[in-house]
Amino acid sequence: MKDFLVHPAIDQYCFDQTTPEPPLLQELIDTTNEQMGYPVKLSGRIIGRLLKLITQLSQTKTVLEIGMFTGYSALSIAEALPEDGRVICCETNPRAIEFAQSFFDRSPHGHKIEVRFGKALDTINTLQDKQFDMVFVDADKKNYFNYLKATVPLVRSGGLFVIDNALWQGNVLNPNDERDQAIVELNQHIATNPQLENVFLSVRDGVNLVRKK
Ligand SMILES: C[S@@+](CC[C@H](N)C(=O)[O-])C[C@H]1O[C@@H](n2cnc3c(N)ncnc32)[C@H](O)[C@@H]1O
């Protein structure tokens with residue numbers, strides 16, 4: 001199941017038929033590819049435009065991002081936030097933070113982004129006085145379920161969770177390790193929890209779109 005989830009030609013078609021990201025984000029992709037070695041970590045056009053649309057449609061103002069990398073998804077979300085909107089981003093990689101900040105400094109939306117260095121679960125502990133309209137989960141897979149448990153109390157009623165890589169390259173069908181298992185348990189919990197409602201989207205590597213009732 002690891003070869004591809006969506007046929008590459010269909011994936012390419014979806015990419016081609018999606019609004020392109022602004023030039024600064026295209027440059028961010030190219031520079032990430034050149035300098036960071038792990039371009040595959042970046043969510044890219046389809047998930048980025050999806051995040052922007054979800055943010056716009058839900059009139060979201062406050063976002064928590066768990067796993068920022070070089071800032072592609074953070075900037076995609078920030079594009080749709082109002083001037084006084086805020087996205088707080090958790091990240092453990094200082095090099096990725098420095099890279100991302102250099103792009104935030106050049107973006108008209110960069111001032112809406114606040115970066116917190118450190119393990120996301122530690123950062124979440126420091127945010128207990130905050131309330132969020134949306135949480136985007138895109139960090140270490142073994143903690144995926146922990147991230148939901150830790151952030152449900154911080155999300156307002158009617159708020160959203162967007163969980164990327166929810167299909168985890170198809171491993172959810174045949175879980176083998178701790179990471180596979182964490183994502184399977186998270187997905188099961190979401191589908192059966194009466195406090196939550198969701199739609200599981202098989203876009204790219206799977207997006208679990210969840211609303212807190
Ligand atoms: C898939 S990348 C994020 C991609 C980004 N959301 C985007 O779309 O461009 C995952 C990131 O999570 C970070 N990360 C891993 N474990 C973490 C943790 N415990 N706390 C915070 N960030 C973590 C990694 O350093 C990496 O940059």
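What you see is a predicted model, and the numbers here were worked out from it, not measured in a lab. All heavy atoms count here, side chains included; hydrogens, waters and symmetry mates do not.
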J.: Assigning hydrophobic clusters by single linkage (Ile, Leu, Val, Met, Phe, Trp, Tyr; side-chain heavy-atom cutoff under 4.5 Å), is L53 placed with L201?
T.: no
J.: Enter the distance from L57:CG to L160:CG here, rounded to the nearest 0.5 Å.
T.: 10.0 Å
J.: When you measure from the side chain of Q169 to the backbone N and O of N171, does any donor-acceptor pair fall under 3.5 Å?
T.: no
J.: When you measure from the side chain of E91 to the backbone N and O of F69, does any donor-acceptor pair fall under 3.5 Å?
T.: yes
J.: Are any of the side-chain heavy atoms of V115 and M68 separated by less than 4.5 Å?
T.: yes
J.: Is it true that T55 and T60 share a donor-acceptor pair across their side chains at a distance under 3.5 Å?
T.: no
J.: Is it true that, when you exclude Q17 itself, more than 12 heavy atoms of the residues, nucleotides or ligands shown sit nearer than 6.0 Å to its CD?
T.: yes
J.: Less than 6.0 angstrom from the centroid, inside 45 degrees of the normal: does K149 satisfy that with respect to the ring of F145?
T.: yes
J.: Is the closest side-chain heavy-atom distance between M36 and R95 below 4.5 Å?
T.: yes
J.: Hey, mind stepping through C89 and I113 against side-chain contact (heavy atoms from CB on, under 4.5 Å) and telling me if it holds?
T.: CA-CA 7 Å; C89 302; I113 303 173; 3.7 Å; yes
J.: So does I46 get a backbone contact from the side chain of T18, meaning a donor-acceptor N/O pair under 3.5 Å?
T.: no
J.: In sequence, state the C-alpha distance, the side-chain angles, and the governing distance for E197 and K213, and then conclude on side-chain contact (heavy atoms from CB on, under 4.5 Å).
T.: CA-CA 7 Å; E197 59 188 333; K213 289 186 190 167; 4.1 Å; yes
J.: Would you give the length of the straight line joining atom CG of N33 to atom OG1 of T70, rounded to the nearest 0.5 angstrom?
T.: 9.0 Å
J.: Output, in order, the C-alpha distance, side-chain angles, deciding distance and verdict of side-chain contact (heavy atoms from CB on, under 4.5 Å) for F136 and L64.
T.: CA-CA 6 Å; F136 176 49; L64 176 64; over 6 Å; no
J.: Do L209 and F161 touch side chain to side chain, with heavy atoms closer than 4.5 Å?
T.: no
J.: Search all heavy atoms of A139 against all heavy atoms of G67 and return the closest pair with its distance.
T.: CB-CA, 3.8 Å
J.: Answer yes or no: is there a side-chain heavy-atom contact under 4.5 Å between L154 and K130?
T.: no
J.: Evaluate the side-chain proximity of R211 to L196: yes if any heavy-atom separation is below 4.5 Å, no if none is.
T.: no
J.: Less than 3.5 Å apart, any donor N or O on the side chain of Y147 or D140 sitting next to an acceptor on the other?
T.: yes
J.: If we only count heavy atoms from C-beta on, is the N93 to F117 side-chain gap below 4.5 Å?
T.: no
J.: Report the distance from atom NZ of K212 to atom OG of S157, rounding to the nearest 0.5 Å.
T.: 7.0 Å
J.: Might you point out which heavy atoms bring D164 and Y144 nearest each other, and give the distance in Å?
T.: O-OH, 2.8 Å
J.: Take N165 and L167 through the test side-chain contact (heavy atoms from CB on, under 4.5 Å) and record every step on the way to the result.
T.: CA-CA 5 Å; N165 308 109; L167 284 170; over 6 Å; no
J.: Report yes or no: does N208 contribute a side-chain atom to a donor-acceptor pair with the main-chain N or O of I163 at less than 3.5 Å?
T.: no
J.: Which atom names give the shortest non-hydrogen contact between S107 and L24, and what distance separates them?
T.: CB-CD2, 3.6 Å
J.: For the residue pair V87 and E114, establish whether any side-chain heavy-atom pair is separated by less than 4.5 Å.
T.: no
J.: Quick check: closest heavy atoms across I124 and A150, and the distance to 0.1 Å?
T.: CG2-O, 3.8 Å
J.: Is there a side-chain contact between N187 and V172 in this structure, where contact means two heavy atoms from C-beta onward sitting under 4.5 Å apart?
T.: yes
J.: Report the distance from atom CG of N143 to atom CG of L121, rounding to the nearest 0.5 Å.
T.: 5.0 Å
J.: Taking T123's backbone N and O only, do any of them form a donor-acceptor pair with T126's side chain (distance below 3.5 Å, no angle check)?
T.: yes
J.: Could you give the distance from OG (S43) to CD1 (I29), rounded to the nearest 0.5 Å?
T.: 8.5 Å
J.: side-chain hydrogen bond (donor to acceptor under 3.5 Å, both in side chains) for Q101 and D105? Distances and angles first, verdict last.
T.: CA-CA 6 Å; Q101 194 60 56; D105 292 345; 3.0 Å; yes
J.: What's the shortest heavy-atom distance between I183 and A166, and which atoms?
T.: CG2-O, 3.5 Å
J.: Under 4.5 Å between side-chain heavy atoms, hopping through other hydrophobics if needed: is there a path connecting F15 to L50?
T.: yes
J.: Once you round to the nearest 0.5 Å, how far does OG1 of T151 lie from CE of M134?
T.: 12.0 Å
J.: Among side-chain atoms of D30 and Q26, is any donor-acceptor pair under 3.5 angstrom?
T.: no
J.: For D180 and W168, test the side chains for any donor-to-acceptor distance below 3.5 angstrom and give the result as yes or no.
T.: yes
J.: Can you check whether A191's main-chain N or O pairs, donor with acceptor, with N198's side chain at less than 3.5 Å?
T.: no
J.: Quick check: are there more than 12 heavy atoms from other residues, nucleotides or ligands sitting under 6.0 Å from CD of Q59?
T.: no
J.: Throw together a table of side-chain donor-acceptor distances under 3.5 angstrom for residues 72-82, partners on residues two or more places apart or in other chains.
T.:
unit_1	atom_1	unit_2	atom_2	d
Y72	OH	E21	OE2	2.7
Y72	OH	R45	N	3.3
S73	OG	E65	OE2	2.6
S76	OG	Y72	O	2.8
E79	OE1	R49	NH1	3.2
E79	OE1	K52	NZ	3.2
E79	OE2	R49	NH2	2.9

J.: Answer with yes or no whether the side chains of D16 and Q12 bring together a donor and an acceptor at under 3.5 Å.
T.: yes
